[in-house]
Amino acid sequence: MRYSEMFLPTIREIPSDAEVVSHQLMLRAGMIRKLTAGIYTYLPLGYRVIRKVEQIIREEMNRAGAQEIFMPAVQPAELWQESGRWEHYGKELLRFRDRHDRECCLGPTHEEVVTELVRNEIKTYRQLPRNLYQIQTKFRDEIRPRFGVMRCREFGMKDAYSFDVDQEGADISYKKMYDAYHAIFRRCGLRFRAVEADTGSIGGNFSHEFMVMADTGEDAVVFCNRCDYAANLEKAEIARPEKLAVDEKTFLPLTEVHTPNVRTIEEVCAFLGVTPQAVVKTLIFSADGKPVAVLIRGDEEVNEIKVKNLLKCNELEMAMDDMIMAAARAPRGFVGAVGIKAKVLADYSLLNMVNCVMGANKEDYHVKNVNIGRDFKVDVFADLRVARESDPCPRCQGELRFARGIEVGHVFKLGTKYSEAMKAVYLDKSGQEQTMIMGCYGIGVGRTVAASIEQNNDENGIIWPVPIAPFHVIITPVNINEPRLAEVAGKLYESLADKGVDVLFDDRDERAGVKFNDADLIGIPLRVTVGPKRLAEGKVEVKIRKTGEVKALSLDEAEAFIAGFIREAL
RNA sequence: CGGGGCGUAGCGCAGCUUGGUAGCGCGCUUGCUUUGGGAGCAAGAUGUCGCAGGUUCAAAUCCUGCCGCCCCGACCA
């Protein structure tokens with residue numbers, strides 16, 4: 001490709017509305033332009049990178065035995081009503097009506113469509129297992145799009161769906177994808193980690209997220225400093241502390257204290273002269289409309305996902321005032337566990353608390369010296385809090401550490417959530433009808449590209465890993481108006497292009513400095529500089545973008561070096 | 001949806017308080033010079049001042065409504 005003919009508008013200044021470095025560089029390098037909130041056009045340079053990533057994905061998916069299909073973006077509401085997600089998916093699902101007033105949506109994911117396809121076409125165990133995937137545009141009407149293509153509304157995604165006869169087969173399908181994802185992200189040159197994760201609105205029993213490690217990542221990742229346990233913060237388990245023997249003789253008498261207008265943990269501590277570790281926080285949640293009290297030590301935070309998963313409910317939210325009054329007979333701020341009319345869940349942080357402080361279920365009063373068992377009962381003790389740095393690892397004696405990550409892929413064991421709701425069944429060997437076991441597997445293509453930039457850049461611009469670089473080499477004659485330089489550079493360009501090297505020929509009538517800066521900005525791994533000084537010795541310079549290393553080589557040596565460099569990096 | 005901010009040339013911004021000729025830098029066009037890390041000189045083009053109302057002799061500027069975008073929060077594959 002000749003630079004002079006390429007639609008490649010680079011920007012010198014940092015765009016003011018771009019927060020993260022990948023967004024800034026994608027704009028500056030002429031990869032993307034915004035059409036409207038969370039919706040982007042990929043320009044030639046950006047789209048070349050997208051296609052490279054897609055190609056790597058295709059190769060690894062095919063290698064893992066998956067087959068590529070292409071499903072519609074527009075989907076009928078009936079399918080979503082069948083799976084139950086028409087109700088549950090919420091506002092992220094973009095819904096509309098066609099001219100016949102039929103309800104439709106733009107696919108944010110394709111479990112319904114693929115399950116509809118498979119249930120119609122697959123009838124027997126002989127046709128299983130199957131893994132079908134596509135690379136396609138998804139639409140999710142994000143509440144707040146941000147960070148460029150990192151969290152946008154319309155984006156390219158590879159989504160795969162596996163169908164198996166039993167759990168054992170499904171586990172194998174899952175493992176194949178888990179391994180394929182490692183291969184894909186490794187080939188994309190990313191530093192990443194697979195972590196255990198919550199299944200969210202996709203549903204299912206088990207999942208891993210593939211996290212690219214980056215300080216600007218939106219997700220908090222927890223990992224053990226001793227074993228290989230790693231999880232998303234919202235999923236991160238905490239080891240159950242040992243329950244110490246309690247001597248009931250140490251229990252002090254339950255005492256009511258007048259605490260007018262003292263509501264928050266901080267106010268209670270200040271008023272009574274105690275630490276948050278001595279106070280029990282009582283939160284009332286509405287779980288599918290029923291009140292549930294969650295108790296936790298005053299200095300800890302409740303992890304609502306853990307509560308939701310423990311209760312196995314569909315909707316969990318903080319209770320409204322009327323529900324709190326009904327359960328506690330006291331307003332927010334004075335709620336406690338003694339005499340509460342609700343199911344009582346307690347975090348493990350309460351296991352060894354004695355003589356603690358909590359709301360009295362009476363306005364403007366708290367109680368002191370509350371003790372579990374004597375004063376109230378706990379229905380279930382569980383791990384319900386948000387993990388913190390240095391918490392005990394759930395798998396070994398190690399401690400948890402925190403990092404930030406960007407979720408570029410997610411693999412799920414779905415079980416029968418969709419196959420049961422939508423009756424995707426097959427006949428087994430004995431002619432019995434069985435429900436298929438499903439898995440689903442996603443990769444955000446644009447997000448993978450952005451994540452790569454987050455990890456691979458410097459003050460001058462992007463530094464592409466070779467496998468996903470839009471071009472491997474850029475040839476820069478320092479002055480295109482010097483016939484000798486133009487000729488040598490042009491011949492080298494033709495020769496490399498003939499050999500199948502992705503080469504960009506910067507034949508623009510620009511000053512050398514402009515070209516060097518653009519080459520650095522768009523991040524091409526190798527730059528060949530053709531200038532008068534070296535050419536007098538019959539040589540050109542090859543500069544490695546990543547290391548800054550410069551080699552003076554003859555034309556033949558340069559071609560050999562380039563070929564070797566690319567081969568090694570791929 | 002709550003809080004905050006912004007909207008003036010392709011990009012980045014000033015002008016608005018105190019109403020009166022729309023400006024600066026970069027980019028763009030032309031010419032000459034220059035040519036190894038974002039050149040110099042000269043000449044030039046480019047605006048529904050986000051949109052719609054209102055006040056006024058007069059609105060980028062004041063008032064009202066709307067739209068769009070960004071940030072924080074809530075929410076979330």
Side-chain angles (χ1 to χ4, degrees), chain A residues 9-20 23-24 27-28 30 33-39 85 88-93 107-111 138-148 150-155 157-159 197-204 207-211 218-219 232 234-235 304-305 308 315-318 406-412 414 440-444 446-447 459-461 476-482 485-486 489 506 508-521 527-536 540-541 543 548 550 552:
Chain A
T10 57
I11 300 170
R12 284 188 189 188
E13 301 98 16
I14 297 172
S16 62
D17 55 355
E19 282 291 296
V20 297
H23 187 196
Q24 293 169 357
L27 288 168
R28 289 189 57 209
R33 290 293 182 264
K34 184 171 71 178
L35 178 63
T36 183
I39 299 185
R85 286 206 291 186
H88 288 295
Y89 210 95
K91 289 191 187 155
E92 235 177 82
L93 183 64
T109 173
H110 281 65
E111 282 80 9
K138 297 287 185 283
F139 194 94
R140 295 182 186 178
D141 201 357
E142 288 284 343
I143 234 167
R144 184 149 84 87
R146 60 186 127 177
F147 305 147
M150 200 94 87
R151 178 167 294 278
C152 53
R153 297 195 295 166
E154 183 175 318
F155 58 99
M157 178 173 172
K158 188 285 302 179
D159 46 322
D198 187 68
T199 53
S201 65
I202 299 285
S207 83
H208 281 96
E209 289 170 337
F210 285 76
M211 292 286 189
E218 285 192 90
D219 291 282
N232 190 307
E234 62 186 30
K235 174 83 176 175
E304 290 189 29
I305 288 170
K308 193 173 170 183
E315 303 284 342
L316 184 79
E317 54 194 7
M318 296 298 290
I406 300 164
E407 181 192 354
V408 291
H410 203 157
V411 293
F412 297 82
L414 288 176
C440 75
Y441 317 93
I443 291 178
R447 196 184 272 187
E459 65 281 6
N460 296 318
T476 310
V478 297
N479 181 358
I480 197 70
N481 297 315
E482 247 355 291
L485 300 183
D506 194 348
R508 293 176 300 167
D509 183 10
E510 288 285 354
R511 299 173 67 82
V514 173
K515 298 193 196 187
F516 293 155
N517 282 308
D518 275 336
D520 287 348
L521 175 61
R527 187 185 82 207
V528 181
T529 308
V530 182
K533 284 182 265 178
R534 296 291 185 189
L535 202 56
V540 295
E541 278 173 17
K543 183 169 185 180
V550 178

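With P as the reference atom, B:rC51 and B:rG7 are 13 Å apart, rounded to whole Å. Taking atom P on both B:rC41 and B:rG50, the two are 33 Å apart, rounded to the nearest angstrom. Nucleotides B:rC11 and B:rC67, compared at atom P, are 23 Å apart to the nearest Å. Taking atom P on both nucleotides, B:rG20 is separated from B:rG15 by 14 Å, rounded to a whole Å. With both ends at atom P, the span from B:rC75 to B:rG2 equals 16 Å, rounded to whole Å. The P atoms of B:rU21 and B:rA58 are separated by 14 Å, rounded to the nearest whole Å. Rounded to whole Å, the C1' atom of B:rC28 lies 11 Å from the corresponding atom of B:rA9. B:rA60 and B:rU17: their P atoms are spaced 12 Å apart (whole Å).
Rounded to an integer number of Å, the gap from CZ of A:Phe155 to P of B:rA77 is 12 Å. Distance, A:Arg508 CZ to B:rG27 P: 13 Å, rounded to whole Å. The nearest whole Å value for the distance from the CG atom in A:Leu316 to the P atom in B:rC76 is 10 Å. Rounded to whole Å, atom P of B:rC69 lies 15 Å from atom CD of A:Glu142. Nucleotide B:rC72 holds its C1' atom 11 Å from the CZ atom of A:Phe147, rounded to whole Å. Going from atom CD of A:Glu482 over to atom C1' of B:rU35 covers 9 Å, rounded to whole Å. Atom C1' of nucleotide B:rA77 and atom CG of A:Asn232 are separated by 11 Å, given to the nearest angstrom. Between A:Asp518 atom CG and B:rG27 atom P there is a gap of 12 Å when expressed in whole angstrom units.
Interface remark: the A:Asn479 side chain does not form any donor-acceptor pair with the B:rG36 base, using a distance-only criterion of under 3.5 Å. The base of B:rG37 sits with one of its N or O atoms less than 3.5 Å from a complementary donor or acceptor on the side chain of A:Lys543. If you check distances only, the side chain of A:Glu541 does reach the base of B:rG36 with a donor-acceptor pair under 3.5 Å.
Contacts of A:Arg153 with the nucleic acid, taken as non-hydrogen atoms under 4.0 Å apart, are absent. Contact annotation for A:Ile11: no contact, since no heavy-atom pair falls under 4.0 Å across all strands. Here A:Glu19 lies in heavy-atom contact (under 4.0 Å) with sugar-phosphate atoms only. Using a 4.0 Å heavy-atom criterion, one finds that A:Arg33 contacts no nucleic acid atom at all.
In this structure, B:rG25 and B:rC11 make a Watson-Crick or G-U wobble pair, each of the two defining distances being under 3.5 angstrom. Pairing partner, B:rA45: none, since no Watson-Crick or wobble contact has both distances short of 3.5 Å. In this structure, B:rU34 forms no base pair with any nucleotide, since neither Watson-Crick nor G-U wobble geometry is met with both distances under 3.5 Å. In this structure, B:rC51 and B:rG65 make a Watson-Crick or G-U wobble pair, each of the two defining distances being under 3.5 angstrom. In this structure B:rA59 sits in no base pair that meets the Watson-Crick or G-U test at under 3.5 Å. Checking B:rC75 for Watson-Crick or G-U wobble geometry (two distances, each under 3.5 Å) identifies no partner in any strand.
Using a 4.5 Å heavy-atom cutoff, the side chains of A:Thr109 and A:Arg85 are in contact. Side-chain contact between A:Arg447 and A:Arg151 is present, with at least one heavy-atom pair separated by less than 4.5 Å. Contact check for A:Lys138 versus A:Glu154: no side-chain heavy atoms found under the 4.5 Å cut-off. In this structure, A:Lys515 and A:Thr529 have side chains that are not in contact, with every pair of non-hydrogen atoms separated by 4.5 Å or more.
Mapped onto RNA chain B by nearest heavy atom, A:Ala37 and A:Asn481 fall at different nucleotides, with A:Asn481 at the one closer to the 5' end. Looking at which nucleotide of RNA chain B each of A:Arg28 and A:Pro15 is closest to, the 5′-most match is held by A:Pro15.
Between A:Glu19 and A:Arg146, no side-chain nitrogen of the basic residue sits less than 4.0 Å from a carboxylate oxygen of the acidic one, so the salt-bridge criterion is not met. Between A:Arg508 and A:Asp518 there is a salt bridge, with a side-chain nitrogen of the basic residue lying less than 4.0 Å from a carboxylate oxygen of the acidic one. Taking a cutoff of 4.0 Å between a charged side-chain nitrogen and a carboxylate oxygen, A:Glu209 and A:Lys235 do not qualify as a salt bridge.
With B:rG37, B:rC26, B:rC72 as the candidates, the nucleotide lying closest to the side chain of A:Asp520 is B:rG37. You'll find that the side chain of A:Arg151 is closest to B:rC76, out of B:rG37, B:rC11, B:rC76. If you check B:rA77, B:rA74, B:rG27 against the side chain of A:Met157, the one that comes closest is B:rA77. Counting only heavy atoms from C-beta on, A:Ala512 has its side chain closest to B:rG36 among B:rC11, B:rG36, B:rA77. Nearest nucleotide to the side chain of A:Arg447, out of B:rG36, B:rC26, B:rA77: B:rA77. For A:Glu407, whose side chain is taken as the heavy atoms from C-beta onward, the closest listed nucleotide among B:rA77, B:rG27, B:rG36 is B:rA77.
Residue A:Lys515 has no polar side-chain atom (N or O) positioned under 4.0 Å from OP1 or OP2 of B:rU35. An OP1 or OP2 oxygen of B:rC71 is reached within less than 4.0 angstrom by a side-chain nitrogen or oxygen of A:Arg144. Note on A:Thr36: every side-chain N or O is 4.0 Å or more away from OP1 and OP2 of B:rG68. In this structure, A:Arg511 reaches the B:rA39 phosphate: one of its side-chain N or O atoms is under 4.0 Å from OP1 or OP2.
Of the possible polar contacts, none joining the A:Arg28 side chain to the A:Ile14 backbone as a donor-acceptor pair under 3.5 Å is found.
A cation-pi contact, defined as under 6.0 Å to the ring centre and within 45° of the axis, links A:Arg527 to A:Phe516.
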